[in-house]
Amino acid sequence: METPHNGETERLRERMRQLTIERDHAHEALANMADGIVIVEAVDGQLRVEQLNGAATRLLRLQAETGVGQSLAKVVRDHELTQVLVSAMQQGAPHTATIRFAPPSLGDDPRDEPRYVKATGFPLANNAESRTPNTRSGTSGTEAGLLVLQDVTELRRTETVRREFVGNVSHELRTPLASLKALVETLEEGALQDPPAAREFLGQMHVEVDSLTQLVQELLELSKIESGQAPIRPESVPPVGLLAATERRMRRQAERAGLALDLEIQDEVSAVWADPALVERVLINLVHNAVKFTPRGGRITLSAAPGPEGVVFSVADTGAGIVVDDLNRIFERFYKVDRSRASGGTGLGLAIAKHIVHAHGGRIWAESAGEGHGSRFRFALAAAPPVQSHPDAETLLSGP
Amino acid sequence: MYQNGPPREPYVTTFVSPRLRFVHQLEEVRDAVLTMGSMVDKAIDYAIDALRRRDVTLMQRVIKDDRHINRQRFDIEQSALLLMATQQPMASDLRFLAAVLHITTDLERMGDHARSVSRLGLKLNTEAPLKLPPELPRMADLCRDRLRRALDAFVARDADAALKIAGQDTTTDALRDAIYRDLLQVMLNDPDAIRRGTYLLWVAHNIERIGDHITNVCERVIFAVTGRMEELTERSVEFADTDPVSRA
């Protein structure tokens with residue numbers, strides 16, 4: 001029998017159901033957010049963790065499912081992080097700080113690298129009516145706060161690289177400009193009256209202008225490849241042709257430096273799907289680099305071999321070698337392992353090589369057994385798809 | 001009805017009993033010690049990072065921030081004494097508060113050593129760069145790891161863990177000895193490096209002292225948990241033999 005009381009119960013039940021759904025959705029959203037979320041409540045003057053999501057657990061390196069109900073200081077163990085929230089709750093306004101997390105590193109665990117977390121604390125509106133029944137309500141002094149955590153390690157790294165880049169460009173531009181200025185001044189101060197000396201100075205000025213031009217050209221080239229403005233025109237190219245062309249172009253330079261340049265080609269290497277002009281540029285940059293860092297009497301070997309990703313090209317030398325710490329950094333723009341030795345280069349060659357290979361969807365890396373033990377640069381490119389004979393090829397070729 | 005909802009922790013009721021209130025106050029003191037521990041941990045981290053990167057701003061920050069560590073120590077001391085006076089704690093509660101007084105003193109001294117490292121860093125920056133002995137950051141990381149675990153033991157009231165962490169100070173001492181040997185060799189080979197080398201020796205000494213203070217913290221944790229005085233006396237004698245202060 002339908003009574004007014006029954007109707008009320010139904011409405012309440014429906015309302016409860018909706019609230020449960022809403023709460024579940026909010027919980028799901030929280031659990032799956034990329035940012036770390038910690039909800040904190042002040043209980044009896046102590047900040048206690050009321051909720052925290054998976055991202056926060058990961059960022060703060062907490063044990064899974066720990067923390068809820070415990071004090072914030074005990075859970076996060078980071079006074080700067082706690083302070084962000086305390087400031088926000090005291091001032092009643094959001095508060096942000098970037099915090100360095102550097103767990104003591106006891107081994108070679110890469111997770112021990114310092115990370116930077118941007119923490120924002122928000123005071124939460126303390127509306128007793130909106131509280132769920134099993135939280136404290138009605139007592140004065142109950143406050144709540146929300147901490148949002150974002151991992152900005154990568155962002156900071158990019159910013160540092162950009163800052164260093166600007167600094168490096170200025171440095172690389174200033175050096176030849178200073179030389180030019182000095183040469184011009186010397187000419188003005190009387191060297192002009194001494195034709196043989198003047199001619200020598202003019203020759204040096206040419207060298208400086210050329211190096212400036214090369215730097216500007218390479219910068220433009222790099223920015224074009226990086227921004228994807230340089231179109232890649234891939235085609236099926238046999239690695240043999242690329243290696244041979246590189247060897248032809250670099251032989252003179254290698255000979256001048258007193259180095260042997262060898263070619264090792266395996267017969268069964270398949271063609272690669274790549275832009276031949278760009279890949280040749282990569283090979284030339286790698287050989288150029290090898291020439292610079294290999295002492296007289298050394299040997300540079302160009303080779304290509306089949307690999308899991310397609311074809312692996314290799315430029316190996318018997319030169320200075322690279323210490324482990326530098327193996328990855330060496331592809332950064334302007335990164336010079338030893339400034340005193342790296343004369344005559346723009347510091348962009350390897351960066352350009354890396355970007356070209358990446359633009360092809362390939363991979364480039366350096367190997368070395370350490371300082372003085374030579375180095376080997378390798379890059380992998382995808383093999384060209386098998387040639388499909390056109391069904392009408394014969395008719396087309398034979399023609400009428 | 002809430003079967004699909006997130007699991008929730010039961011919260012304390014609105015009525016707070018005096019005992020529960022006291023427990024909360026003890027927890028607040030414990031949290032303040034953890035906060036101070038985090039301040040010291042970061043001071044060591046920043047001091048070594050600044051040394052490695054020759055970062056003057058960061059060195060100055062470590063030196064300046066030491067006053068916050070000192071302030072925190074006074075605040076904790078005051079809270080602990082206030083609780084002792086007003087609550088007349090007994091047994092483990094009393095030992096806990098007594099241990100806190102000692103632990104904060106040790107933490108404060110660790111902060112001073114981190115500040116000294118940064119002051120030495122400023123001096124080193126006026127010299128030509130000298131390669132940091134790789135053992136130096138390792139020693140600092142070891143100390144930071146021991147400090148964290150010592151505070152974990154303090155929170156968990158784990159005397160066994162504290163005893164184990166106390167014993168690991170020998171590794172810090174061994175690393176310090178290795179640094180001494182390395183730096184002496186560098187200074188013998190290049191008399192120009194004597195001043196820089198000496199500064200680095202002092203840095204190593206400061207970090208080694210931090211390790212000693214962590215041992216003291218462990219000692220206090222053991223006291224707070226076990227409360228066995230006779231054993232403590234024995235242990236303090238044992239520790240006194242290896243204490244560089246009494247050696248000096």
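So that the names make sense, note that chain A is the first sequence line, chain B the second, and so on, each numbered from 1.
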Look up atom NZ in Lys74(A) and atom CG in Asp152(B), then write down how far apart they are to the nearest 0.5 Å. 10.0 Å

Chain B contact via Ile99(A) - side chain, backbone, both or neither, heavy atoms under 4.5 Å: side chain

Side chain, backbone, both or neither of Arg13(A) within contact of chain B (heavy atoms, under 4.5 Å): neither

Please lay out, stage by stage, how Val155(B) and Gln70(A) fare under the test side-chain contact (heavy atoms from CB on, under 4.5 Å). CA-CA 12 Å; Val155(B) 170; Gln70(A) 294 175 334; over 6 Å; no

With chain A as the partner chain, list the residues of residues 39-46 of chain B whose heavy atoms fall under 4.5 Å from it, by residue number, and write 'none' if nothing qualifies. Met39(B), Lys42(B), Asp45(B), Tyr46(B)

Scored by heavy-atom pairs under 4.5 Å with chain A, the best of Thr35(B), Asp145(B), Asp141(B), Asp31(B) is Asp141(B)

Is it the case that over 12 heavy atoms from other parts of the model lie below 6.0 angstrom from the CZ atom of Arg54(B)? yes

Would you compute the distance between atom NE2 of His68(B) and atom CD of Gln83(A) and round it to the nearest 0.5 angstrom? 9.5 Å

Among Arg138(B), Gln25(B), Arg148(B), which residue has the highest count of heavy-atom pairs closer than 4.5 Å to chain A? Arg148(B)

Looking only at Leu142(B), Leu151(B), Asp49(B), Leu147(B), most heavy-atom pairs under 4.5 Å shared with chain A are made by Asp49(B)

Shortest non-hydrogen contact from His24(B) toward Gln46(A): O-NE2, 4.4 Å

More than 12 foreign heavy atoms under 6.0 Å from CD of Glu14(A): is that the case here? yes

